[in-house]
Amino acid sequence: MRSDRLRGDRRGVSITVSHVLTIAITAVLISGLIVTAAGALSGQRERAARSQLDTVGQRLAFEVEQVDSLASRGNGSDVQLEPDHTNWIVNSRYEVRLTDGSVCEADTCLVVTAAELEARTVVGVDLSLPIEESTAPGGDVRIVYDGTLGLEGQP
């Protein structure tokens with residue numbers, strides 16, 4: 001008689017089902033939060049990289065213009081500047097390229113590229129001396145005038 005009464009009692013099943021559903025819904029909500037947070041962090045990393053590239057590009061453009069100005073007044077003497085810049089942008093190496101105005105609206109441009117981040121910035125540079133198109137690894141840049149203005153990697 002007692003076993004008949006227990007077979008018809010379904011109250012324990014509903015508590016178990018309730019707990020399983022609560023855990024499942026919680027797991028889905030937490031995974032949704034993790035996916036959303038990962039997307040937000042990726043976007044933040046990209047914005048930080050672009051901001052750092054812009055900063056490095058602007059500083060280097062100013063320094064290249066300073067070397068140009070010094071060399072213009074130096075009666076043909078060689079000028080060399082070894083600025084101190086970070087080697088990394090958002091945990092990625094970058095490179096700096098001095099090139100003609102084919103990639104920007106100015107006559108001469110600095111292109112700062114972080115290949116791993118697929119990010120780059122282009123900064124126009126106002127120069128009076130001829131340039132040698134050149135590339136140097138980020139952080140190890142030497143700005144040199146020895147008849148033409150160019151970039152070299154530091155040893």
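Quantities reported herein were computed from a predicted structural model and do not represent experimental measurements.
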Residues G138 and R93: closest non-hydrogen pair is O-NH2, 3.9 Å
With a 4.5 Å limit on heavy-atom distance, are the side chains of C109 and V125 in contact?
no
Just wondering, do T148 and L129 contact through their side chains at under 4.5 Å, heavy atoms?
no
Under 6.0 Å from the CG atom of D84, do we count more than 12 heavy atoms belonging to anything else shown?
no
Exercise answer: donor-acceptor pairs, residues 20-41 side-chain atoms, under 3.5 Å, sequence neighbours excluded:
residue, atom, partner, partner atom, Å
T22, OG1, S18, O, 2.8
T26, OG1, T22, O, 2.7
S31, OG, A27, O, 3.3
S31, OG, V28, O, 2.9
T36, OG1, G32, O, 2.9

Applying a strict under-4.5 Å side-chain criterion to I, L, V, M, F, W and Y, I'd like to know whether I131 and L70 cluster together.
yes
Give every residue pair that meets the disulfide (SG to SG under 2.5 Å) criterion with at least one member in residues 34-63, sequence neighbours excluded.
none
To the nearest 0.5 Å, what is the distance between CZ (R59) and NE2 (H85)?
4.5 Å
Residue pair E46 / Q44, side-chain donor-acceptor N/O under 3.5 Å
no
Measure the CD-OG distance between E133 and S102 for me, rounded to the nearest 0.5 Å.
6.5 Å
Taking all non-hydrogen atoms of both residues, which atom of V112 and which atom of G57 are closest, and how far apart?
CG2-CA, 3.7 Å
Carefully, step by step, assess T135 and L151 under the rule side chain to side chain contact (heavy atoms under 4.5 Å, CB included).
CA-CA 6 Å; T135 303; L151 304 174; over 6 Å; no
Distance (rounded to the nearest 0.5 Å) between I143 CD1 and L81 CG
5.0 Å
If you draw a 6.0 Å radius around CG in D54, do more than 12 non-hydrogen atoms from other residues or ligands fall strictly inside?
yes
Distance check, rounded to the nearest 0.5 Å: L127 atom CG versus E65 atom CD?
6.5 Å
Say whether S69 and R73, considering side chains only, have a donor N or O and an acceptor N or O under 3.5 Å apart.
yes
Verify side chain to side chain contact (heavy atoms under 4.5 Å, CB included) between V56 and I89, making sure each step is shown before the conclusion.
CA-CA 9 Å; V56 168; I89 291 182; 4.3 Å; yes
Where do Q52 and V90 land on the side chain to side chain contact (heavy atoms under 4.5 Å, CB included) test, with the steps shown first?
CA-CA 8 Å; Q52 287 183 357; V90 188; 3.8 Å; yes
Measure from the side-chain N and O atoms of D68 to the backbone N and O of S128, and report whether any donor-acceptor pair falls under 3.5 Å.
yes
Could you work out, with side-chain contact (heavy atoms from CB on, under 4.5 Å) as the rule, every residue matching R120, not counting sequence neighbours?
R97, V111, T113, V122
Let me confirm one number: the CD-CG distance from E132 to L98, rounded to the nearest 0.5 Å.
9.0 Å
Short question: side chain of D107, backbone of D126 - any donor-acceptor pair under 3.5 Å?
no
Say you draw a straight line from CG of L110 to CD of E63; how long is it, rounded to the nearest 0.5 Å?
10.0 Å
Checking side-chain polar atoms at under 3.5 Å, does D100 have a donor or acceptor matched by the opposite partner on T108?
no
Would Q80 and Y145 count as a side chain to side chain contact (heavy atoms under 4.5 Å, CB included) if you check the C-alpha gap in whole Å, the side-chain angles of each, and the deciding distance to 0.1 Å?
CA-CA 6 Å; Q80 181 173 301; Y145 175 76; over 6 Å; no
Scanning both residues in full, the closest heavy-atom pair of P137 with G153 reads CD-CA, 4.0 Å
If you group Ile, Leu, Val, Met, Phe, Trp and Tyr by side-chain heavy-atom gaps below 4.5 Å, do V79 and L149 land in one group?
yes
Does the Y94 side chain pair with the main chain of G139, one donor and one acceptor, at a distance under 3.5 Å?
yes
